[in-house]
2 protein chains.
Amino acid sequence: MPGRWCRGPAKWWHGEFRGCGYRITIPRQIILQVLDESKEHLSAEDIYLKVHNIYPAIGLTTVYRTLDLLVNMGLIFKFDFGDGRARYELARGANEPYHHHHLICTNCGRIIDYTDFVDEELELIKKTEKELSKKYNFEIKNHTIQFYGLCDECSDKEK
Amino acid sequence: MPGRWCRGPAKWWHGEFRGCGYRITIPRQIILQVLDESKEHLSAEDIYLKVHNIYPAIGLTTVYRTLDLLVNMGLIFKFDFGDGRARYELARGANEPYHHHHLICTNCGRIIDYTDFVDEELELIKKTEKELSKKYNFEIKNHTIQFYGLCDECSDKEK
DNA sequence: TATATTAATGGAAATCATTATCAATAAGGA
DNA sequence: TCCTTATTGATAATGATTTCCATTAATATA
């Protein structure tokens, strides 16, 4: 039986790491695994706790550092939903089925992913990106669209 | 000569304050004045410093409290551009000429307002809002669209 | 496979934006 | 003008994120 932390089959991101000269370490592997297995919008602490279950030696500092690295590499997205902590999720390509945006309840903090109209959005976004990058000479790498309001439960409570 | 802090002519927002039972105080007046006079995306501390120049007795706590109040009243918007501090700007109606979105340079933090395609965006946003509020029973009050990337200067530097 | 190099780690302390506490102050109605 | 109580501001507390630095471990190389 292989050791507990055996590397296993090479993952899709190993090449990207090696190409940049980054080392493939246990903390990095597990952080990516946790992000990959979770459909949620995890905070750094959420991730720390989940990784800690698998690999108790993990340090919170390493989680922050790794998340920062992954954001810079474009492998994950960092969001701010207005509750004072950043949230992270794996970046699937903008054209892949996972592409989505967020509805954020300003009362209870619930976050709903939606994929409706993403095609039409993307079309407009592409057009806008093209024009804006020309007009402002701005190299656009990413975008966010977020809707704020009240979820069904919080909306009911107000009545 | 009237006192330094005489109220002067009633402002457009006085009614909204009175209607909610909120008092019209000197700090609130000056904070709104500062927001109105600035075209920038001010942080709480920026606002504190500007208000302090006019009214040195201001406290940072009051600035935060007032901004929170104004956000809840819908008079100002609160943004997060990813630099760890919130930014505020006066909310002109979504249909007024001031409506704009942001290009954010992830390298130097520069923020560029753009108003291009806002009409088309608004059309899509309205349609999306309509559908999403129906589908998820979500009461949408607001939205943000942000583009992240490199401004012309930072883009040049990388080469 | 053993070794050397140095990137990466993790615990503790530091930082920094924002919030809570609470006694003093002042807005606005009577 | 006076009274009620919303509002204020100084200080302390909080909580997320960063910095520091000695230790560890990934990878290139012998």
Side-chain angles (χ1 to χ4, degrees), chain A residues 3-8 10-11 13-15 17-32 41-49 51-52 54-73 78-88 109, chain B residues 3-8 10-11 13-15 17-32 41-49 51-52 54-73 78-88 109:
Chain A
R4 191 162 176 208
W5 311 124
C6 74
R7 184 155 305 133
K11 296 290 192 291
W13 47 270
H14 283 192
F17 266 66
R18 292 202 208 283
C20 295
Y22 299 136
R23 294 180 179 174
I24 292 164
T25 66
I26 293 164
R28 289 176 178 172
Q29 293 184 72
I30 300 185
I31 288 169
L32 273 160
H41 318 85
L42 302 175
S43 68
E45 199 187 349
D46 293 336
I47 293 166
Y48 169 75
L49 291 173
V51 173
H52 189 268
I54 305 173
Y55 181 71
I58 191 73
L60 187 51
T61 305
T62 299
V63 172
Y64 275 107
R65 248 186 322 231
T66 303
L67 291 172
D68 198 45
L69 178 71
L70 296 176
V71 168
N72 284 326
M73 291 178 75
K78 180 179 184 179
F79 291 99
D80 178 284
F81 296 140
D83 65 345
R85 65 188 66 188
R87 309 272 172 171
Y88 302 85
Chain B
R4 193 164 174 205
W5 311 123
C6 73
R7 183 156 304 133
K11 296 290 192 291
W13 46 270
H14 283 192
F17 266 67
R18 294 228 159 78
C20 295
Y22 299 135
R23 294 182 179 172
I24 293 163
T25 66
I26 292 164
R28 289 176 177 172
Q29 293 185 71
I30 300 184
I31 288 169
L32 273 160
H41 318 84
L42 302 175
S43 68
E45 199 187 349
D46 293 337
I47 294 166
Y48 169 75
L49 291 173
V51 173
H52 189 270
I54 305 173
Y55 181 72
I58 192 73
L60 186 52
T61 306
T62 299
V63 172
Y64 275 107
R65 249 185 322 230
T66 304
L67 291 172
D68 198 46
L69 179 70
L70 297 176
V71 167
N72 284 325
M73 292 178 74
K78 179 179 184 176
F79 291 98
D80 179 285
F81 297 140
D83 65 346
R85 63 189 66 191
R87 308 272 171 173
Y88 301 85

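Each chain gets a letter, A, B and so on, in the order the sequences are listed, and its residues count up from 1.
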Item to check | Residue met sooner reading DNA chain C from 5', once A:Y48 and A:R28 are mapped to nucleotides | outcome: A:R28
Quick check: do [X] and [Y] have side-chain heavy atoms less than 4.5 Å from each other?
| X | Y | value |
| --- | --- | --- |
| B:L67 | B:I47 | yes |
| B:T25 | B:F17 | no |
| A:Y64 | A:D68 | no |

Interatomic distance where [atom1] belongs to [X] and [atom2] belongs to [N] [whole Å]:
| X | N | atom1 | atom2 | value |
| --- | --- | --- | --- | --- |
| A:R23 | D:dA26 | CZ | P | 9 Å |
| A:Q29 | C:dA8 | CD | P | 14 Å |
| A:I47 | D:dA16 | CD1 | C1' | 14 Å |
| B:I26 | D:dA6 | CD1 | C1' | 15 Å |
| A:F81 | D:dA16 | CZ | P | 17 Å |
| A:I58 | D:dT24 | CD1 | P | 16 Å |
| A:D46 | D:dT17 | CG | P | 11 Å |
| B:F17 | C:dG28 | CZ | C1' | 15 Å |

Next on the checklist: Nearest 0.5 Å, please: how far is CZ in A:R28 from NE2 in A:H14?
Outcome noted: 11.5 Å
Checklist entry - So what does A:T25 hit on the nucleic acid, given a heavy-atom distance under 4.0 Å: a base, only sugar-phosphate, or nothing? => result sugar-phosphate
Close N/O contacts between protein and nucleotides 18-22 of chain C (under 3.5 Å):
| from | atom 1 | to | atom 2 | distance (Å) |
| --- | --- | --- | --- | --- |
| C:dT18 | OP1 | B:A86 | N | 2.9 |
| C:dT18 | OP2 | B:Y64 | OH | 2.5 |
| C:dT18 | O5' | B:Y64 | OH | 3.4 |
| C:dA20 | N6 | B:T61 | OG1 | 3.2 |

Item to check | A:F79 ring center within less than 6.0 Å of A:H41 ring center | outcome: no
Checklist entry - Between B:V71 and B:Y88, is a side-chain contact (heavy atoms from CB on, under 4.5 Å) present by the stated rule, with each step listed? => result CA-CA 9 Å; B:V71 167; B:Y88 301 85; 4.1 Å; yes
Checklist entry - Between A:T66 (side chain) and A:T62 (backbone), is there a donor-acceptor pair under 3.5 Å? => result yes
Checklist entry - If every non-hydrogen atom of B:Y55 is compared with every non-hydrogen atom of B:P27, which pair is closest and at what distance? => result CE2-CG, 4.1 Å
Checklist entry - Do you know the tightest heavy-atom contact between A:M73 and A:C20? => result CE-SG, 4.5 Å
Item to check | End-to-end axis angle, where each axis spans five pairs of the helix from C:dT1-D:dA30 to C:dA30-D:dT1, to 10° | outcome: 40°
Checklist entry - If you check every side-chain atom of B:T62, which of D:dG9, C:dG28, C:dT9 has the closest atom? => result D:dG9
